[in-house]
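Okay, so here's the structure we're looking at.
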Amino acid sequence: MNEEKKQIEEIQNVAVALWEPDGSSTSSFLHTQHQTTTPTNLNLNPQPFFLPIILIKEGKIDYHELQKTEQTED
């Protein structure tokens, strides 16, 4: 797992660090026990991410957007 440089708190947690082919940056990989746990690692189903929908704009209902939801005008 490629970790951002800012996430590396202890150099001894790094398993390997490599220069990128263009020489502009490095990629670091943490030892397994120091990697971030994700829902997939725990066999959990991730929750979907939805962007917010604007239903009322400038005091008016956007009926086109309202139809995409399970909501009613009421």
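Atom set for the values below is all heavy atoms of this structure, side chains included, hydrogens, waters and symmetry mates excluded.
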(message) Can a donor-acceptor pair be found, under 3.5 Å and without considering hydrogens, that links the side chain of Glu20 to the backbone of Ser25?
(response) no
(message) Under the rule for side chain to side chain donor-acceptor pair (under 3.5 Å), what residues qualify as partners of Asp22, not counting sequence neighbours?
(response) Ser24
(request) Could you pull out all residues at least two apart from Gln33 that satisfy side chain to side chain donor-acceptor pair (under 3.5 Å)? (result) none
Ignoring hydrogens and angles, write down the donor-acceptor pairs under 3.5 Å from the side chains of residues 54-63, residues two or more places apart or on other chains.
unit_1, atom_1, unit_2, atom_2, d
Asp62, OD1, His64, N, 3.2
Asp62, OD1, Glu65, N, 3.2
Tyr63, OH, Glu73, OE1, 3.3
Tyr63, OH, Glu73, OE2, 3.2

(message) Would you compute the distance between atom CD1 of Ile53 and atom CG of Leu66 and round it to the nearest 0.5 angstrom?
(response) 9.5 Å
(message) Using 0.5 Å steps for rounding, measure from the CG atom of Leu30 to the CD atom of Glu10.
(response) 11.0 Å
(request) Starting from Leu51, walk the hydrophobic network (Ile, Leu, Val, Met, Phe, Trp, Tyr; side-chain heavy atoms closer than 4.5 Å) and list everyone else you reach, by chain and number. (result) Phe49
(request) Could you identify which residues cluster with Leu44, counting Ile, Leu, Val, Met, Phe, Trp and Tyr as linked when any side-chain heavy atoms lie under 4.5 Å apart, either directly or through a chain of such contacts? (result) Leu42
(request) Quick one: list whatever passes side-chain contact (heavy atoms from CB on, under 4.5 Å) with Ala15, sequence neighbours left out. (result) His31
(message) Is it the case that over 12 heavy atoms from other parts of the model lie below 6.0 angstrom from the CD atom of Gln12?
(response) yes
(request) Take Thr26 and Leu18 through the test side-chain contact (heavy atoms from CB on, under 4.5 Å) and record every step on the way to the result. (result) CA-CA 5 Å; Thr26 60; Leu18 305 168; over 6 Å; no
